[in-house]
Amino acid sequence: MRGTLNEQMDTFKRGVAEIIPEDELVYKIEKSIKTKQPLNIKLGCDPSKPDLHIGHAVVLNKLREFQDFGHKAILIIGDYTAMIGDPSGKKKTRPQLSFEETREYGKTYFEQATKILDTKNIEIRYNSEWLSKLTLADLLNIQSKFTVQRILERDDFRNRLQEEIEISMQELLYPIMQGYDSLVINSDVELGGTDQKFNNLIGRDMQRKFGKEPQVVLLMPLLEGTDGSEKMSKSLGNAIGICEPPKEIYGKAMSIPDNLIYKYFELGTRKSKKELDEIKQQLSNPTTNPRDVKKKLAFELVKLYYSEEEAKKSEEEFERVFSKKGLPDEIPEFITNSSNNKLIDILVNSKSVESKSAARRLIEQGGVTIDGEKIADVSYQLSGKKEFIIKAGKKKFLKVKII
RNA sequence: GGGUAGGUAGCGAAGUGGUUAAACGCAUCAGACUGUAAAUCUGACGGCUUAUGCCUUCGGAGGUUCGAAUCCUUCCCUACCCA
């Protein structure tokens with residue numbers, strides 16, 4: 001254990017949306033320092049989508065901070081609950097996963113999460129360990145502590161009720177099961193996004209109803225995706241995955257709207273309070289081009305998940321390809337023979353576009369260049385050389401070799 | 001069990017016998033402008049050997065019709081109300 005109460009609280013409060021209740025967290029930390037006992041910090045993980053993005057990283061970063069002060073991270077892989085589907089923020093019922101799938105995804109989750117977490121001070125638990133053993137009588141006993149009204153208070157449910165969108169019985173049970181996890185592992189603090197507030201509070205209730213000291217709920221803001229409006233999520237296509245290639249991370253970070261730069265710094269990186277203040281100041285200075293601050297952000301993110309070297313490379317390529325309209329250093333090759341040298345076919349056969357109609361559209365709209373020259377002729381054929389560089393749309397490059 | 005309203009392209013939502021590959025909005029893609037921003041403007045947005053041509057699409061299957069997303073039969077699914 002290390003760190004004073006103030007050091008810990010300062011760190012833990014950074015970037016946080018809500019601590020319920022804060023004075024209990026103070027109490028728990030004081031107790032922990034006095035008894036030299038680390039706190040149990042719970043984080044529930046939904047293994048249904050094993051591609052972690054920097055939205056997930058927000059909470060993982062916070063968990064890492066707790067670890068850095070010596071507290072114990074307990075990752076609950078919700079393999080059992082994933083078979084039900086978490087209704088959080090969803091208007092529709094999620095697809096259910098098989099037991100095998102959730103196990104496999106859980107493993108992937110852990111592998112990716114350790115890009116952020118300290119592997120030493122961590123405990124991984126699958127909630128099937130206890131949930132699968134519950135008898136109907138156990139479940140009835142747990143359920144008897146809660147009322148239908150209490151569960152329906154949740155705004156997801158309320159909204160769906162109002163909008164006449166189905167809610168399945170098992171979804172209703174989801175918060176109960178998740179809350180039960182807290183009881184079993186004796187969590188002192190549960191981390192989550194603000195969308196997890198209800199679930200996490202049920203955990204608090206659960207512990208209290210069973211005579212345990214209730215957990216503190218610490219909620220992190222949700223990070224908007226690259227589109228700047230929706231919450232970051234892979235299915236919305238606005239996520240920056242932490243396992244994506246460095247150039248992708250860099251490029252995607254550059255595409256976020258300016259007003260999110262600070263938030264990304266605050267929630268997505270490990271910058272200190274002082275550094276954050278500097279960034280804030282730079283951004284408010286009218287002579288600063290926000291692009292330059294954004295470049296730092298993009299650099300920082302690549303550095304965080306890869307290395308400084310990769311970050312430099314990504315930055316160089318970004319400048320070359322997009323600022324100077326040059327070529328990336330790796331271009332996929334496509335080899336074709338001279339009897340099939342129609343541009344439109346090459347675009348389709350190399351899977352650069354989805355269909356022939358799409359290829360035609362792209363050409364007609366001026367989105368295709370060959371060796372830097374715009375081609376507007378749909379029936380264009382490559383000839384005269386053995387090698388061509390085709391650019392289709394904004395991001396797709398193709399090196400065509402004719403044999 | 002009874003009643004009512006529904007199921008249309010990635011999503012939302014028009015259309016209720018023909019000029020409908022299906023209005024409109026969102027999302028997406030491309031172009032212009034740029035900082036691969038954002039905003040804005042323009043265009044595209046089922047597929048095909050580009051054709052004022054063909055094929056596939058309006059929950060599934062069958063039927064009526066010269067012609068169906070639209071009418072009929074049947075099946076499946078959802079919500080709401082009553083019990």
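The figures here come from the full heavy-atom set of this structure, side chains too, leaving out hydrogens, waters and symmetry mates. Here is how names work: the chains are called A, B, and so on, in the same order as the sequence lines, proteins then strands, and each is numbered from 1.
- When both pairing distances are held under 3.5 Å, B/U56 makes no Watson-Crick or G-U pair with any nucleotide shown.
- The interatomic distance linking A/Tyr250 (OH) with B/U36 (P) rounds to 10 Å, in whole Å.
- Atom CD of A/Glu224 and atom C1' of B/A38 are 14 Å apart (whole Å).
- Summarising the geometry, the separation between CG on A/Asn238 and C1' on B/G10 is reported as 15 Å, rounded to the nearest angstrom.
- Salt-bridge check for A/Asp155 with A/Lys197: failed, with every basic side-chain N at 4.0 Å or more from each acidic carboxylate O.
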Below 3.5 Å is the cut-off: list the nitrogen or oxygen pairs between protein and nucleotides 78-83 of chain B, distance only.
from: B/A79; atom 1: O2'; to: A/Glu164; atom 2: OE1; distance (Å): 3.0

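- Taking the six-membered ring where the residue is Trp, A/Phe66 and A/Phe12 present parallel rings, their angle staying beneath 30° rather than reaching 60°.
- Interatomic distance, CD1 of A/Ile363 versus CD1 of A/Ile344, reported as 5.0 Å (0.5 Å rounding).
- Regarding A/Leu347, its CG atom lies at a distance of 13 Å from the P atom of B/A30, rounded to whole Å.
- Remark: C1' of B/G35 and CD1 of A/Ile256 are 13 Å apart, rounded to the nearest angstrom.
- In this structure, A/Glu315 atom CD and B/G35 atom C1' are separated by 13 Å, rounded to whole Å.
- The partner of B/U73 is B/A61, judged by Watson-Crick or G-U wobble contacts that both fall below 3.5 Å.
- Pair assignment for B/A39: none, as no Watson-Crick or G-U wobble contacts are both less than 3.5 Å.
- Base-pair partner of B/C80: B/G3 (Watson-Crick or G-U wobble, both distances under 3.5 Å).
- Separation of the P atoms belonging to B/G59 and B/G6 is 13 Å when rounded to the nearest angstrom.
- When A/Lys212, A/Gln207, A/Lys42 are each tested for a side-chain hydrogen bond (donor to acceptor under 3.5 Å, both in side chains) with A/Ser182, only one passes: A/Lys42.
- For the C1' atom pair drawn from B/G10 and B/U57, the interatomic distance equals 15 Å after rounding to whole Å.
- Pairing of B/U50, defined by two Watson-Crick or G-U wobble distances under 3.5 Å, is not identified with any nucleotide.
- Using a 4.0 Å cut-off, some side-chain N or O of A/Ser323 falls inside it from OP1 or OP2 of B/U36.
- Side-chain proximity of A/Pro257 to B/U36, B/G35, B/A38: nearest is B/A38.
- Comparing B/U36, B/G31, B/G35 by their nearest atom to the side chain of A/Asn289 picks out B/G35.
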> Could you run down nucleotides 42-55 of chain B 5' to 3' and tag each one B, S or - for protein heavy-atom contact under 4.0 Å?
Replying inline: -BSS-SSSB-----

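- For A/Asn40 against A/Ile185, the heavy-atom pair with the smallest separation is ND2-O, 3.5 Å.
- The main-chain N or O of A/Pro245 is never found under 3.5 Å from a side-chain atom of A/Glu248 such that the two would form a donor-acceptor pair.
- Other residues, nucleotides and ligands contribute at most 12 non-hydrogen atoms within 6.0 Å of the CD atom of A/Glu309.
- Note on A/Lys295: nothing from the nucleic acid sits closer than 4.0 angstrom, heavy atoms only.
- Computed from coordinates, the A/Met254 CE to B/A38 P distance equals 12 Å when rounded to whole Å.
- Although no hydrogens or angles enter the test, the distance criterion places a donor-acceptor pair under 3.5 Å between the side chain of A/Asn238 and the main chain of A/Ser233.
- Distance, A/Glu230 CD to B/G10 P: 19 Å, rounded to whole Å.
- When the C1' atom is used for both B/U56 and B/A68, the distance is 16 Å, rounded to whole Å.
- You'll find that the side chain of A/Lys374 is closest to B/G31, out of B/G31, B/U36, B/A38.
- Side chain of A/Asn61 to backbone of A/Ala57: a donor-acceptor contact under 3.5 angstrom is found.
- Looking only at atom types and distance, the side chain of A/Gln215 has a donor-acceptor partner in the side chain of A/Ser187 under 3.5 Å away.
- Across the interface with RNA chain B, nearest-nucleotide mapping of A/Phe322 and A/Gly366 shows A/Gly366 to be the residue nearer the 5′ end.
- By the 6.0 Å and 45° rule, A/Lys115 stacks over the aromatic ring of A/Tyr306.
- Rounded to whole Å, the P atom of B/C58 lies 8 Å from the corresponding atom of B/A69.
- Nucleotide B/A44: paired with B/U28 (Watson-Crick or G-U wobble, both distances less than 3.5 Å).
- Comparing A/Lys252 and A/Gly367 by the nucleotide of RNA chain B that holds the closest heavy atom to each, the one mapping nearer the 5' end is A/Gly367.
- A/Asp292 contributes no side-chain N or O that forms a donor-acceptor pair with the base of B/G35 under 3.5 Å.
- Nearest nucleotide to the side chain of A/Lys394, out of B/G31, B/G35, B/U36: B/G31.
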